[in-house]
Amino acid sequence: MANAIPHVPLTPLGAEPAFADMAAAVQATVRRFAQEVLRPVGRQLDRLSPDEVIASGSPLWPVYRQFAELGFGIDTLLSLPPAERARIMGILFEELGWGDAGLAISIGAGLIPAMISALLGNGFCRGIASDDKLGCWMITEPDHGTDMLDPNRMIFHPQGSYGRPNCVVTIEDDGLVIKGQKAAWVSNGTIAQVGILYAAADTGHGPDAQHGAVVIVPMDTPGITRGKPLDKMGQRALNQGEVYFDNVRLPKAHLLAGPEQYQQATYLVHTLANGLMSAVFTGCARSAYDLALAYAHERKAGGVPIIRHQSVAQRLFHMFRKVEASCALSRRVLHYNFDAPEMALHAAMAAKVTATQTAFEMASESVQMHGGNGMARDYPVEKMFRDARASLIEDGCNEILAIKGGYYLAQPELL
């Protein structure tokens, strides 16, 4: 009929304009990987003990090999023009997060040593952190938590005392000596082959957590031991655990950033991590919405599919608009930070806080939409709710990010 009101179906990524050939191929390839590999494996791993997750024969190990076969190496990604790099990385990590948030973070953390080495232009360290080695990012400490992400003490209480760092890199004339411990929240901590360590430095005047050291560490170096894999509520597919250093000695060439560059290096890794977290949990939020939308067409109440009820239609609309807003902010910030002369940490923080809060809300709404079935482990939204809850704390809890991000909005002379 000529006067019929159009019914416009959206794409799998919502109100997404048509992709160029490369972006379309990436989205289709990674969505297939997310659907056929990450989702089923993530659900399998969720029901295993932490020791079983990383045991020989676990379904975890083929995931890394299959992801590597997709061809998204660091050099390939960084060779793209900045705007295209941001677009491709946004799509890549959204789709991974759509599949399984814990496995997406494991894959992302695995790339961090290689990515930071490449961005800082250190060929020696990049050679150690090769694409075929699973990486980890070692920054959080038992006694200091998110304070490790605040080396410029922007939010430190004026009457506070930092105390002794848990991990110290002593920089000597002939090399580096590492002593101490990193906390149980190191992603891939008990299984990584290479790590990027952020720790206090001692150049002969005692440990200094504000002017630390960034070190690329082969994880089979003598003196390194690992704790037990952490048993936690959500993201159970993501291996996390403590790392201990007992007089670990490395050549000075492993020093990626010294005390004078430490704060800039922390700023860089935190900006990248928050940006990628925003993409992962935008994907997680979209997955929760997709499951709710599908279930609303299947489940009947009052003799009709529940989507026919006004309250359900209204709830789905608000879920849709929040996911779209999270996607737009995440993509916008990634584009800005890869294209601007200087990255903006507070923009990445805004994207991370928005995406993780949205993912948690969408998972909660999806559980509610599923009713009693939403509480059952046979349905994926129960796991998604637990996975999303952890994201409000990862890579800096959202409350601390908001305080620090707010201070970055102030003029420097007011700080």
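Residues satisfying the ring pair (Phe, Tyr, Trp, His ring centres under 6.0 Å) criterion with Y244, sequence neighbours excluded, are absent altogether. Evaluation of the salt bridge (Lys or Arg N to Asp or Glu O under 4.0 Å) rule for E95 yields R31 as partners, not counting sequence neighbours. By the ring pair (Phe, Tyr, Trp, His ring centres under 6.0 Å) test, H335 is found to be paired with no residue, residues two or more places apart in sequence or in another chain being considered. With sequence neighbours left out, the side chain to side chain contact (heavy atoms under 4.5 Å, CB included) criterion links F320 to L10, Y289, E324. Under the side-chain hydrogen bond (donor to acceptor under 3.5 Å, both in side chains) criterion, D290 pairs with W98, sequence neighbours left out. Under the side chain to side chain contact (heavy atoms under 4.5 Å, CB included) criterion, V53 pairs with L45, L48, L60, sequence neighbours left out. Contacts of R386 classified as side-chain hydrogen bond (donor to acceptor under 3.5 Å, both in side chains), with partners at least two apart in sequence or in another chain: D46, E382. Among residues two or more places apart in sequence or in another chain, the ring pair (Phe, Tyr, Trp, His ring centres under 6.0 Å) test is passed with Y295 by H370. Every residue two or more places apart in sequence or in another chain that forms a salt bridge (Lys or Arg N to Asp or Glu O under 4.0 Å) with E16 is listed here: R87, R331.
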Identify every side-chain donor-acceptor pair in residues 185-198 under 3.5 Å, counting partners at least two apart or on other chains, and give the distances.
| unit_1 | atom_1 | unit_2 | atom_2 | d |
| --- | --- | --- | --- | --- |
| S187 | OG | Q240 | NE2 | 3.3 |
| N188 | OD1 | S106 | OG | 2.6 |
| N188 | ND2 | S106 | O | 3.0 |
| N188 | ND2 | G135 | O | 3.0 |
| T190 | OG1 | N239 | OD1 | 3.1 |
| T190 | OG1 | N239 | ND2 | 2.7 |
| Q193 | OE1 | L134 | N | 2.8 |
| Y198 | OH | A265 | O | 3.2 |

Enumerate donor-acceptor pairs with a distance under 3.5 Å from any side-chain N or O in residues 358-365 to protein atoms, sequence neighbours excluded.
| unit_1 | atom_1 | unit_2 | atom_2 | d |
| --- | --- | --- | --- | --- |
| T358 | OG1 | T354 | O | 2.6 |
| E361 | OE1 | K322 | NZ | 3.4 |
| E365 | OE1 | R315 | NE | 2.9 |

What donor-acceptor contacts under 3.5 angstrom involve side-chain atoms of residues 151-161, with partners at least two apart or in another chain?
| unit_1 | atom_1 | unit_2 | atom_2 | d |
| --- | --- | --- | --- | --- |
| N152 | OD1 | M154 | N | 3.4 |
| N152 | OD1 | K404 | NZ | 2.9 |
| H157 | ND1 | Q159 | N | 3.0 |

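At a threshold of 4.0 Å, the pair D387-K232 does not count as salt-bridged, since none of the basic side-chain nitrogens sits closer than that to a carboxylate oxygen.
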